[in-house]
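First the proteins, then the strands, lettered A, B, ... as listed; each starts at 1.
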2 protein chains.
Amino acid sequence: MGRVLRPTAKALPGHARAHNRSMVLQHLFHSGPTSRADLARSTSLTRVTVSDLVAALMAEGLVEELGARAEGKVGKPASLVGMRTQEFHVVAVDLADDAWMRGAVMTLTGDVVARRSVALDGRVGDAAVIALEDLCRDLLAAADRPVIGVGIGSPGVIDSLGTVVEAPNRDWYDVPLAADLSAALDVPVHVANDANTAALGEFTLGGAGGSGLMVLTVGQGVGAGIVVDGALVQGHRHAAGELGHVTVVDDGVDGPAPLCACGRRGCLETVLAVPALRRRLAGLDPAAADVELAAVGRVLGVALAPVVSALNLSELRFSGPRDLLDGPLLRTAQATVQQRTMPVVGADLRLGMASLGEDVALCGAAVLVLSGQLGIT
Amino acid sequence: MGRVLRPTAKALPGHARAHNRSMVLQHLFHSGPTSRADLARSTSLTRVTVSDLVAALMAEGLVEELGARAEGKVGKPASLVGMRTQEFHVVAVDLADDAWMRGAVMTLTGDVVARRSVALDGRVGDAAVIALEDLCRDLLAAADRPVIGVGIGSPGVIDSLGTVVEAPNRDWYDVPLAADLSAALDVPVHVANDANTAALGEFTLGGAGGSGLMVLTVGQGVGAGIVVDGALVQGHRHAAGELGHVTVVDDGVDGPAPLCACGRRGCLETVLAVPALRRRLAGLDPAAADVELAAVGRVLGVALAPVVSALNLSELRFSGPRDLLDGPLLRTAQATVQQRTMPVVGADLRLGMASLGEDVALCGAAVLVLSGQLGIT
DNA sequence: ATAAGTAAGGAAGGTCTACTAACAAACGTG
DNA sequence: CACGTTTGTTAGTAGACCTTCCTTACTTAT
């Protein structure tokens, strides 16, 4: 039949156990300290099973007993258990920028403990990998708690195993980054596209945990990460979210559409990327600048309306320079999307800046580890 | 934290068993008769476990022994087991048409055994439900094999439990169709949006089993069903795929954009729906008609390009009248999408008519049952 | 023709996991 | 102070899969 069968995961005997373990951790992570009995109710497991799982998690040090709950209700007072989110660290690296590799040591809640940055100084290929490895070692040394793993958000197309299929700006082609770094550092390493990590971060830590989220990252280029029905969209060739090179400007009366680095004309990047925006606004007074930003917002809205409709998104968040995005651009984009979609789709849509600010991609890299190692999303 | 926790399914003790059972059935369904040892290799379960599962499936009558394999290899010859796809029936109903309810009795491979249709004669609301129930009874009586379940593809917004949230054309609002019919007919009933069932049918039976598929249904209106990473996209309010009312035509020099039934202007339905297309072509000679169809194809391509890019789709299939769609319209749409997306995204895209033809939605309704009852996707 | 190697399928026994049932502890309430 | 309520634990049970070992049946090499 020529049909591509997806690699359906087999159900090992311990599979159910791992799933239930993740559910317990997930609840503790998102809802804070909880009693075993409450966990049992939330997960619809029995109290016995939950006690067993909690005991195992305590043995691992991931969870701790926190004493009796203060509130006075009838019956035996519950003793709370909580996740030790501050007693473990995660190393997160954001490679989105072309000039700097930015990294951080974070707690499991995404609080930054230490930062390190390294200038790329034009290094690409293997040299860039070596610089990245050094940065990771540096960060691992800076952590003073056990490190759960390393999460990396990188530009380019990256498959689900953390192999960089292609990242032209770093001259990486088919580089098994996750596997190599994991072997070199002896720590679990997870790698994903930077826009995808941004979406993941916003979804898990930024309060966008609804059902349809897209995060648009605006920097040197434009990228997008999409979370639908609770899962990151990968796409046919792991290239989902590559919105930067969709044509959005047609040749018109003003002459031909602007030329893009990719060789075609009128790509979204030629109007929305930061360099393009800065060029466009250079020398304009504020009022004229606002008009230009609104024009970009409208173009963006026209392109996003079909996507918002097709996926029935509930959240659309932006990451990038506030001074450019968070004003007429976003307002016009939102208005345009609403004008161009069904009321039920457009009215529900919430559109705004990423609540995690500059650190979205970094937080997302941390969430990548949480998700990969502990099953928390 | 205000975060909406998805209803994470708990892992029952029998959960793994059910999963493995589905995997075995899935392989037998898609790959045909297979030996137990081959099944074990494909599922990465042990031969013992597979034998056990196969024995259970044989006891249920879903699977049968087919004797030794002809091919001569070393070692003990394998005895093949196969799924008894012709010994069970599924009832499928397509409610997409405003005038007719079309139903069929099908085998598990989607072959039609019997057809029944009922004119709606303007019936809506409860009367339409009663007519549907009668049609189902009729079809159940026409089946001469055990019936696994009933699958229904209906217009409107439908949640994952098979409740019609809203279907204005039928005057259905919050009708628990699946639950009610299941109780009335004493058979499992599954209901989904007709465009979604079309996508499901094309995905499972139409050879579009890649990783990103969108099916566009063009009839009275325009709808879309999307399968990404192997799962149907539901969307925030179960309204994913509602592409018919995205604005695609702007007011221009030719005057204002055409008015849509929804009250706004320039919706996709005002150019792509069948009535609109017929009106547009009325009285034109073939050459002029082709120009018009190409113009519609271009408008469609412009709207689809961002969606194709965002999801990195690999298949884009159309269901509707061949004479209108399968010509300049599709050719131009494909060319437009390719012009307006990155080469890696657009070049990989395969675009064409649904391979299941008229029966896409019907086959999809059958797949809905296969998926819901047997875990086959 | 006979021995050796290979593969399929089944039987026995072990382990893991989560469930049910029953119970002790600790607290409000009448 | 007795009682009901809720929590968390102990003990026993059932399900599901695994590993190991065996028989069967065929191809291939000597």
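- Within the 4.0 Å cut-off from OP1 or OP2 of C:dA18, not a single side-chain nitrogen or oxygen of B:Arg17 is found.
- Within the 4.5 Å cutoff, the side chain of A:Asp52 has heavy atoms near those of the A:Arg17 side chain.
- Protein atom CG of A:Asp52 is 15 Å distant from nucleotide atom C1' of C:dT20, rounded to whole Å.
- Closest-nucleotide positions on DNA chain C for A:Thr49 and A:Gly75 were compared, and the one nearer the 5' end corresponds to A:Thr49.
- Residues A:Leu39 and A:Met23 are not in side-chain contact: their nearest non-hydrogen atoms beyond the backbone lie 4.5 Å or more apart.
- The CZ atom of B:Phe29 sits 9.0 Å away from the CG atom of B:Leu374 when rounded to the nearest 0.5 Å.
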When every nucleotide of nucleotides 10-15 of chain C is labelled 5' to 3' by its protein contacts under 4.0 Å (heavy atoms), B for base, S for sugar-phosphate only, - for none, what sequence of letters results?
SB----
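- Applying the 4.0 Å criterion to OP1 and OP2 of C:dA18, one finds that A:Asn20 has a side-chain N or O inside that range.
- By the salt bridge (charged side-chain N to carboxylate O under 4.0 Å, His left out) test, B:Glu202 is found to be paired with B:Arg317, residues two or more places apart in sequence or in another chain being considered.
- Using a 3.5 Å distance cut-off with no hydrogens or angles, the side chains of B:Arg36 and B:Ser79 do pair a donor with an acceptor.
- The CG-P distance, from A:Leu53 to C:dC19, rounds to 9 Å in whole Å.
- Among the nucleotides C:dC19, D:dT28, C:dG9, the one closest to the side chain of A:Thr46 is C:dC19.
- Between D:dG8, D:dT24, C:dC27, one nucleotide has an atom nearer to the side chain of A:Pro77 than all others, and that is C:dC27.
- Distance CD (A:Glu65) to C1' (D:dT9): 13 Å, rounded to an integer number of Å.
- Nucleotide D:dC18 holds its P atom 6 Å from the CG atom of B:Leu45, rounded to whole Å.
- Distance B:Lys76 NZ to C:dA7 P: 14 Å, rounded to the nearest Å.
- The side chain of A:Ala78 lies closest to D:dG8 when the candidates are D:dC17, C:dG28, D:dG8.
- At a threshold of 4.5 Å between non-hydrogen side-chain atoms, the residues A:Ile152 and A:Leu181 count as touching.
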